[in-house]
Asker: 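Take a look at the following structure, please.
Both ligands and their constituent atoms are indexed starting at 1 by order of listing.
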Amino acid sequence: MSYPLVCLGNPLLDLQVDVEPEYLAKYDLKADDAILAEEKHLPIYKEVIEKPGLKLVAGGAAQNTARGAQYILPENSVVYFGSVGKDVYAEKLNEANKQYGLRTEYQVVDDVATGKCAALINHPHRSLVTDLAAANLFKAEHLEKPENWILVENAKCFYIGGFHLTVSPEAIEKLGKHAAENNKLFALNFSAPFIAQFFKDPLDASLPYVDYVVSNESEAAAYAESHNLDVDQKDVVAIAKEIAKLPKANSKRNRTVVFTQGTEPTVVVTYNQSTQDFDVQEFKVRELASEKVVDTNGAGDAFAAGFIAGLVQEKSLADAIDIGQWAASLSIQEVGPTFPFPKQTYSA
Ligand code: 26A
């Protein structure tokens, strides 16, 4: 079988619940952030289980994007790799992926629980606290198994959750090298500010392989800060230019950096290696009445899903952005990082 898109990330089950600002304050959490749980955060998982209105939804940023891309693309288009345990949480993930027709090739580990993310909603914000557990145990060797590597060889596009830089930079490098050597498309999401802050070295090591960066404004600012860029941290165009012109392993493709900014326009910067010029574009987001917004958990993943699905279908950059914005507007009208069924189809 050949699937055009291969995704890699940390499979998580989201424990989604509404909380008051006091609850976030109690655990030193920002209203809008995504972090790895420290010891002090662990009681959260027990507490949210008790909270009224708790929802269990399939999560994991790149898995959300993989499901979303499969939602948009023809059947059998997307394969997702990551690591889970043998438990009911993994069963929940399998159920959701099946509904979308997403093929998963999980590395299944014994005696460790499937990863979970407390998605603490204080509308319109969301604070994500993740216990990676089994998701932390993914190994590059899993990709190298002949039955998996054939899927890699048959793919034409790769999408990597930057969150996976905390788990297996080796696996990311393997896919990046393969993509560069075979002139295949390679996309990376910066995922969260802490990646640029605390996983700077593996991030920098992966960037030469990256043709498309998909990210948001707070991750752009974190990148600018950790790399001491001589730019205003709010100037996403200037930050995008710095990233777009970094060295590339595959000189046959230019690098494009896409920064979403919530309801503000999406900024897209491409560096043309031969002319050494930048192409800078801005795209307005789709308007949506605020009462239609259910929650923004997974909005960025949904954008990435539409965008990468557009690239897989070889649409123009502008069309791929528009499919991304359409997908994001669908997802924020649902609970958690999900899409509506019966399936909706894109129209410009
Ligand atoms: C390593 N970390 C912190 C994470 C995540 C994550 N996915 C992978 N790794 N922290 C939060 N998420 C997921 O992000 C989605 C929203 O964009 C959550 O599971 C949520 O579904």
Asker: Partners of F278 by ring pair (Phe, Tyr, Trp, His ring centres under 6.0 Å), sequence neighbours excluded?
Answerer: Y271
Asker: Find out whether the Lys NZ or Arg CZ of K116 is both under 6.0 angstrom from the six-membered ring centre of Y89 and within 45° of the ring's axis.
Answerer: no
Asker: Determine whether the aromatic ring centres of residues Y159 and F186 are separated by less than 6.0 angstrom.
Answerer: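 F186 vs Y159: aromatic centres not under 6.0 Å.
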Asker: Check whether the ring centres of F163 and F190 lie less than 6.0 Å apart, and answer yes or no.
Answerer: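 They do not qualify: ring centres at least 6.0 Å apart.
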Asker: Using the test side chain to side chain contact (heavy atoms under 4.5 Å, CB included), find all partners of E153 that sit at least two apart in sequence or belong to another chain.
Answerer: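 For E153 the side chain to side chain contact (heavy atoms under 4.5 Å, CB included) partners, ignoring immediate neighbours, are W149, I150, H178.
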Asker: List, ordered by chain and residue number, the protein residues whose closest non-hydrogen atom lies under 4.0 Å from any atom of ligand 1.
Answerer: N10, L12, D14, I35, L36, G59, G60, A61, N64, C117, L128, T130, L132, F163, F194, N297, G298, D301, P337
Asker: Under 3.5 Å, side-chain donor or acceptor atoms of residues 49-69 against the rest of the protein: list the pairs with distances, not counting sequence neighbours.
Answerer:
from : atom 1 : to   : atom 2 : distance (Å)
Q63  : OE1    : N97  : ND2    : 3.1
Q63  : OE1    : Y106 : OH     : 2.4
Q63  : NE2    : G59  : O      : 2.8
N64  : OD1    : R67  : NH2    : 2.9
N64  : ND2    : G60  : O      : 3.4
N64  : ND2    : D301 : OD2    : 2.9
T65  : OG1    : A61  : O      : 3.4
T65  : OG1    : D301 : O      : 2.9
R67  : NH2    : A58  : O      : 3.4
R67  : NH2    : P337 : O      : 2.8

